[in-house]
Amino acid sequence: MFVINCPFCGEREQSEFKAGGEAHIIRPKQPTELSDDQWAEYLFMRKNIKGIQFERWVHTHGCRKWFNVVRDTSSDKIKAVYKMGEKPPSE
Amino acid sequence: MRNKYSIFSLVKNAFSYHENWEKAWKDPEPKKEYDAIIIGGGGHGLATAYYLAKKHDMKNIAVVEKGWIGGGNTGRNTTIIRSNYLWDASAGLYDHALKIWEGLSQELNYNVMFSQRGVMNLAHNLQDVRDLKRRTHANRLNGIDAVYLNTDQIKKFCPIINTSPNIRYPVLGGTLQRRAGTARHDAVAWGYARGADEMGVDILQNCEVKGIKRNGDSVEGIETTKGFIKTKKIGVVAAGHSSVIANMAGLRLPLESKPLQALVSEPVKPIIDTVVMSNAVHAYVSQSDKGELVIGAGTDDYVSYSQKGSHDIVEGTLNAILELYPIFSRMRMLRQWGGIVDICPDASPIISKTSIKGLYFNCGWGTGGFKATPGSGDLFAHTIANDEPHKLNAAFNINRFISGDLVDEHGAAAVAH
């Protein structure tokens with residue numbers, strides 16, 4: 001259990017949010033061109049990192065907006081929060 | 001030769017105040033090279049080593065474990081064993097395990113306290129009723145015992161369930177698998193460890209894997225906290241940490257690791273003599289031999305390796321438990337914990353060769369791996385020894401995520417495992 005600083009609403013309990021998984025997975029621009037391997041990569045393969053992970057969250061019980069979070073998955077400590085479309089922090 | 005556990009050894013050791021029991025397994029130093037190394041000393045990993053030694057005559061093998069054996073998810077689950085899965089492939093896999101469970105204590109000369117007390121799955125809405133009836137038929141076609149019970153029969157089988165039509169999610173029916181039940185989870189790890197050790201398997205505890213050495217497309221060995229160990233075959237059975245090991249070998253897996261919680265109450269006199277699971281409200285409960293209620297909650301939806309879960313998950317489960325069993329309203333909970341489970345997109349495991357020669361993965365068991373422990377070890381040992389899957393785990397290959405031939409047990413399984 002942890003607190004997430006929604007970029008639109010401020011600090012709220014994690015239970016108000018829903019996790020959207022790994023961030024920055026780019027949707028294929030030409031789906032018809034994709035091989036089965038590339039589809040598997042896009043749909044199923046995940047980094048599942050133990051450590052610093054870039055991920056998406058949505059404030060389901062608040063503003064209902066999506067945004068990105070940088071979180072250490074080994075301790076659940078949040079390192080940064082940034083809006084959709086913004087450049088991810090380098091550290 | 002190791003002394004057999006029996007009533008006579010118990011009496012004999014009573015005379016020395018049980019202080020001279022022989023160690024159940026040795027604590028060896030790693031050799032320079034093994035024919036095969038199993039990464040992960042939980043139930044599945046130890047069972048794999050046991051069957052490799054027993055059925056495939058591979059004696060020069062090691063199990064490496066970063067902590068102590070059975071200290072991960074083997075000791076953290078709610079010990080439920082059943083095989084009433086919908087799809088043919090899953091039914092084959094889990095019933096293979098259930099059949100081994102039935103003779104396991106005798107085979108290992110170690111009491112795993114396997115108790116076929118039955119597992120009941122409840123239906124709370126019309127769709128549940130349809131799904132569970134369909135699953136009962138599918139089970140019976142696969143030779144798995146299953147019966148569908150109506151509300152009165154459920155009340156008769158487990159009288160403490162609140163079957164009033166006025167609760168928020170009334171009990172409309174349910175399934176019962178009588179051969180299903182529970183086992184003592186620690187004993188499973190200890191029994192397999194003792195059996196494997198006796199056949200010459202080295203169990204290396206406090207030995208964390210730091211890297212996997214590759215030579216082109218094949219494996220050469222593992223870097224550990226106790227130095228480099230050479231081997232041509234590596235079987236990874238690392239549960240929640242499977243992706244961590246896969247990343248070391250440069251392999252991509254379709255897994256996400258999430259916290260799954262469970263809790264136990266203070267011990268009370270016998271009150272529930274079966275296992276009751278409920279998918280719609282996500283609550284399941286059984287009673288341990290010590291008298292504690294063993295309650296399983298759900299997973300959190302975010303990736304985490306912290307072995308902690310969110311409080312609201314536990315709260316939701318306890319709300320459901322209290323509505324179904326008002327008699328538990330004054331029970332106090334003693335302990336709560338989390339384990340990290342590796343979940344596949346189709347909620348079925350991977351027991352498979354990989355694109356790297358000599359590297360095998362047994363992972364993705366998600367929230368329901370304990371029940372499969374003996375079968376998983378048997379089939380994974382077969383896969384490692386022959387470099388080919390057994391027919392029972394052929395469907396659980398890693399390429400199904402490319403071919404699209406998934407074994408989708410997400411909605412089909414009884415509860416979130």
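Reminder, nothing fancy here: chain letters follow the sequence lines and each chain counts from 1.
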- Starting from the C-alpha separation in whole Å, work towards a yes-or-no answer on salt bridge (Lys or Arg N to Asp or Glu O under 4.0 Å) for A:K18 and B:D301. CA-CA 7 Å; A:K18 189 137 179 52; B:D301 61 352; 3.2 Å; yes
- Task: Nearest 0.5 Å please: distance from the CD atom of B:E315 over to the OG atom of A:S15.
- Result: 8.5 Å
- Using a 4.5 Å cut-off on heavy atoms from C-beta on, say whether the side chain of A:Q14 contacts that of B:Y302. yes
- A:W66 atom CH2, over 12 foreign heavy atoms within 6.0 Å: yes
- Please say whether more than 12 non-hydrogen atoms of neighbouring residues, nucleotides or ligands are located less than 6.0 Å from NZ in B:K210. no
- Item | Segment of B:L255 engaging chain A (4.5 angstrom heavy-atom cut-off) | both
- So what's closer than 4.5 Å to chain A heavy atoms on B:I343: side chain, backbone, both or neither? neither
- Item | Contacting region of B:V244 [heavy-atom separation from chain A under 4.5 Å] | side chain
- Note on the structure: So CD1 of B:I340 and NZ of A:K50: to nearest 0.5 Å the spacing works out to 9.0 Å
- Query: Listed by residue number, which members of residues 5-13 of chain A have a heavy atom under 4.5 Å from any heavy atom of chain B?
  - Reply: none
- Item | Pairwise side-chain contact, A:K47 with B:R252, heavy-atom cut-off 4.5 Å (strictly under) | yes
- Query: Side chains of B:L406 and A:F44: closer than 4.5 Å at any heavy-atom pair?
  - Reply: yes
- Message: Quick one, B:S304 and A:R71 - any side-chain contact, counting heavy atoms below 4.5 Å?
- Response: yes
- Query: So how far is it from B:I402 CD1 to A:L43 CG, rounded to the nearest 0.5 Å?
  - Reply: 11.5 Å
- Message: Return the CG to NZ distance between A:N48 and B:K258, rounded to the nearest 0.5 Å.
- Response: 9.0 Å
